[in-house]
Amino acid sequence: MSALTKLKADIAKAIKKLTGQEVEPKTLTLSSTRKEFEGDYTLLVFPLARYFGKSPEEVGKLIGEELKASSTVVDDYNTIKGFLNLSFAPEYWTDTLTAINTTENFGKGAPKDKRVMVEFSSPNTNKPLHLGHIRNILLGWSVSKIMDAAGYEVITTQVVNDRGIAICKSMLAWEKWGDGITPENSGKKGDFLVGDFYVKFNTEFSKEYSDWQTSKEAEAVFKNQNEIQDKAKFFDEYKNNYFNEYSKLGSEARQMLLKWENKESETMELWKNMNSWVLNGFDQTYDKLGVHFTKSYFESDTYILGRSIVEEGLKKGVFYKEKDGSIWVDLTDANMDKKIVLRSDGTSLYITQDIGTAELRYKDFNTEKMIYVVGDEQEYHFKVLFEILKRLERPYASDMYHLSYGMVELPTGKMKSREGKVVDADDLINQMTLEARANAEEKGIIDGSSDKERNEIYRKIGMAALKFFILKVNPKRRMIFNPEESVDLQGQTGPYIQNAYVRIKSIMRKAEGTYDFNDISGYKDFNSHEKNLITTLSSYPNTIQQAAEEYEPSAIANYVYDLAKKYHKYYSEIRILGTEDKSARNFRLALSYSVAQILKSGMDLLGIEMPERM
RNA sequence: GGUCCCGUAGCUCAGCUGGAUAGAGCAACUGACUUCUAAUCAGUAGGUCACAGGUUCGAAUCCUGUCGGGAUCACCA
């Protein structure tokens, strides 16, 4: 039991003694005292005044007096209006620090005996990962780390969309214009190579389309409609119809998809090859980002799943059949629409697949809780999916969450990979490392280490800047990313937090062998920074639980920044190694050590590594 | 049109289970490196918390409505 929980129990006891009223300790509001006031923690007495029938100020005095007499934690008190400010005994601070210092993995929650799956990334195999994926991947990875720290057992997965018309476009373009090029013979990263052909297809297709627009056939199409008068505007919107009805390239791509579905060997061969190039490229990017998956699922395996569950649901009466044979679910009573779950020709849809994959994962891993990290444009889809699974009475249906996040846009608008208008993940990662290096070289620090070590440090700093930049923001917010304005390395950033850690590491190296963490109790004259830091440290476990409950990496990011900021301030005012009094010096080193541990641990929850020097 | 998300300093964002005078960073200006790493610290300046009502001893926070931005409402994924 932490000292604060004990204090709350003491307060409840005091109230009981004074009024006879039973109060649930956890309903008490206890927060750290604002720095303008005297005291360490503050109890809000407004809500308690009614039990006493006296003014909040008087009530504060009564409780304060009682606590001073009965609680071992409380040394003194003062009241201002309805705020009861409590000052703690010196032992509280040293004991708390020692407890933090000696607890292994301080902050980690007790095992919850529940397995949670986090699905994220889920890329298409026709182009490289881009900035949008980065937000997804960082969120997913961080949430999985946070869940783990909160006490869950975590499984990470991705569903790779490796089939469909998009990949056929790349395949077709490679066949037509590729001239046998491969990642091996060209030295180009596989996902970029395939992505180039995807763009190539689309530029060729656009050419074909604009040529067609002057043909008689096109004239006729335009005349046969009278919804849009402006010709250019009409053809702008007609592009998809053209692809499906008139385009030569479109028909070739569709034929390729048909061949793939019929598993024709030549097509399968090409498909397998190109997919392996892309997946290989993805693995390199994942490595750089430091993420990995317990298991990857492939849509080419899962796209037919879900049908048997639909059949089962039909029998149960959850679904119904239309005259044409298509199967539907009516969700109007849950304030949603009717939704098709199986086509009239018996084939699966996106939602059918998702029903099937959920079931498959449950069977594979026995996950009773599932988190899907997917963009907010799919909110409705997941609302429907979760409702369907509930009606099908799946055992995991009660604990499903769609972690939805806002789109990442460029200043010029949305990214369009078809037009090659994207910020590639790899480019961004490299750019960040270069940025970190340029910054370091300008400052002329990090000397004495080898090139290899230095590059490793630059990588860690660059990645920290990028990851923190993205994770500190509430996922729901849309974000506009300007590649021209580089990500900051100063201020509220990843490197700022790394710097606090590095400073401590430097102190610890210098102090090596000259201190004893067990000998701190002689120190009693704590300054406000020290109390403040210990208070912040002791709230770490709570922060983790809250971040897990709310699926909110930004809560951790803000916490870690706050801690680093407080430490930087402390560092600038107190000369730790120069402390004369022995137990004070030990205390300060112990405190610094704990701060470093928690900074490292918290950053790890964001997927950010710490350098030992920078 | 229905539903959901967002709106806080010039910019990027915290704060939202109601509590004391709304906080950071960036950008601007001023100061601090012979002293544990200045990717730091201290300071100046910057606010009708989109707007209007309501609940409350107390509202950026809760409720209702309005406005602005975005998403979504396919036998696409």
Side-chain angles (χ1 to χ4, degrees), chain A residues 27 29 31 33-34 36-37 42 44-47 49 55-56 80-83 85 122 124 161 163-166 240 299 303 322 324-328 335-337 339-345 347-354 375-381 383-384 404-407 409 436 439-440 442-443 445-446 461 464-465 469 472-480 482 485 488-500 502-511 546 554-555 557-558 561-562 564-565 567-579 588-589 592 613-614:
Chain A
T27 62
T29 319
S31 51
T33 303
R34 296 182 64 126
E36 318 76 279
F37 301 98
T42 297
L44 276 180
V45 294
F46 293 98
S55 78
I80 297 165
K81 291 189 271 181
F83 301 91
N85 301 322
S122 301
N124 296 339
N161 183 3
R163 60 169 285 276
I165 194 75
N240 267 332
E299 257 193 45
Y303 79 111
E322 278 290 348
D324 65 359
S326 56
I327 298 178
W328 295 71
N335 211 11
M336 286 176 260
D337 292 319
K339 180 90 185 169
I340 184 163
V341 292
L342 204 65
R343 289 200 188 91
S344 48
D345 64 5
T347 54
S348 301
L349 292 110
Y350 181 38
I351 191 103
T352 330
Q353 281 176 53
D354 268 358
D376 62 4
E377 71 276 7
Q378 294 197 35
E379 259 166 27
Y380 183 68
H381 170 78
K383 224 177 134 192
V384 169
S404 97
Y405 60 90
M407 184 95 62
E409 288 179 23
N439 203 277
E442 191 183 316
K443 290 180 161 49
I445 45 180
I446 319 186
I461 296 172
F469 176 80
K472 74 176 178 186
V473 185
N474 175 342
K476 289 243 156 58
R477 272 180 193 265
R478 284 192 307 146
M479 59 194 284
I480 293 170
N482 189 346
E485 293 171 22
D488 282 333
L489 301 169
Q490 263 87 35
Q492 194 181 13
T493 65
Y496 174 95
I497 297 155
Q498 291 178 321
N499 185 228
V502 164
R503 282 176 146 183
I504 297 170
K505 284 286 150 175
S506 175
I507 290 177
M508 298 313 292
R509 278 194 296 271
K510 292 209 161 81
Q546 207 174 329
S554 64
N558 288 319
Y561 172 69
D562 182 53
K565 189 177 167 62
Y567 190 81
H568 275 308
K569 198 179 184 119
Y570 179 52
Y571 179 95
S572 71
E573 284 184 30
I574 306 289
R575 180 146 270 280
I576 293 158
L577 289 178
T579 306
R588 288 174 173 171
L589 282 164
S592 300
R613 54 186 90 223
M614 64 193 280

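Source: prediction; values computed, not measured. By convention in this document, chain letters (A, B, ...) are assigned in the order of the sequence lines, proteins followed by strands, and residues within each chain are numbered from 1.
The residue A:Arg503 sits close only to the backbone: its heavy atoms come under 4.0 Å of sugar-phosphate atoms, none of a base. As judged by a 4.0 angstrom heavy-atom cut-off over every strand, A:Arg575 is placed among the base-contacting residues.
A donor-acceptor contact under 3.5 Å is formed by the side chain of A:Ser344 with the base of B:C75. The base of B:A27 has none of its N or O atoms less than 3.5 Å from a complementary donor or acceptor on the side chain of A:Asp488. Judged by distance alone, with hydrogens and angles left aside, A:Ser572 brings no side-chain donor or acceptor close enough to the base of B:A38 to form a pair under 3.5 Å.
Of the candidates B:U40, B:G70, B:C41, the closest approach to any side-chain atom of A:Asn499 belongs to B:U40. Comparing atom distances between the A:Leu349 side chain and each of B:C76, B:A20, B:A39 picks out B:C76 as nearest.
In this structure, the aromatic ring of A:Tyr561 is not positioned over the six-membered ring of the base of B:A24 within 5.5 Å between centres and 30° between planes. Taking the 5.5 Å centre cut-off and the 30° plane limit, the aromatic side chain of A:Phe46 is not classed as stacked on B:G58.
In this structure, CG of A:Asn482 is placed 11 Å from P of B:U12, rounded to the nearest angstrom. Regarding A:Glu379, its CD atom lies at a distance of 10 Å from the P atom of B:U72, rounded to whole Å. Rounded to whole angstrom, the span from the CD1 atom of A:Ile480 across to the P atom of B:C11 amounts to 12 Å. Protein atom OH of A:Tyr380 is 13 Å distant from nucleotide atom P of B:C4, rounded to whole Å. Atoms CG (A:Leu489) and P (B:A27) sit 11 Å apart, rounded to a whole Å. The distance between atom CZ of A:Phe83 and atom C1' of B:G58, rounded to the nearest whole Å, is 9 Å.
With rounding to the nearest 0.5 angstrom, the CD1 atom of A:Ile576 is 12.5 Å from the NZ atom of A:Lys510.
Aromatic ring orientation, A:Tyr561 versus A:Tyr496: tilted (interplanar angle from 30° to 60°). Using the six-membered ring where Trp is involved, A:Tyr570 and A:Tyr567 have ring planes that are perpendicular, over 60° apart on the 30 and 60° scheme.
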Could you list, one pair per line, each protein nitrogen or oxygen that sits under 3.5 Å from a nitrogen or oxygen of nucleotides 7-10 of chain B, together with the distance?
| residue | atom | partner | partner atom | Å |
| --- | --- | --- | --- | --- |
| B:G7 | OP1 | A:Arg477 | NH2 | 3.1 |

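Taking 4.0 angstrom as the limit, A:Tyr350 places none of its side-chain polar atoms (N or O) nearer than this to OP1 or OP2 of B:C75.
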Nucleotide pairing, RNA chain B (Watson-Crick or G-U, distances under 3.5 Å), in dot-bracket with [ ] and |: (((((((..((((.....[...)))).(((((.......))))).....(((((..]....))))))))))))....
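For the C1' atom pair drawn from B:C6 and B:A38, the interatomic distance equals 38 Å after rounding to whole Å.
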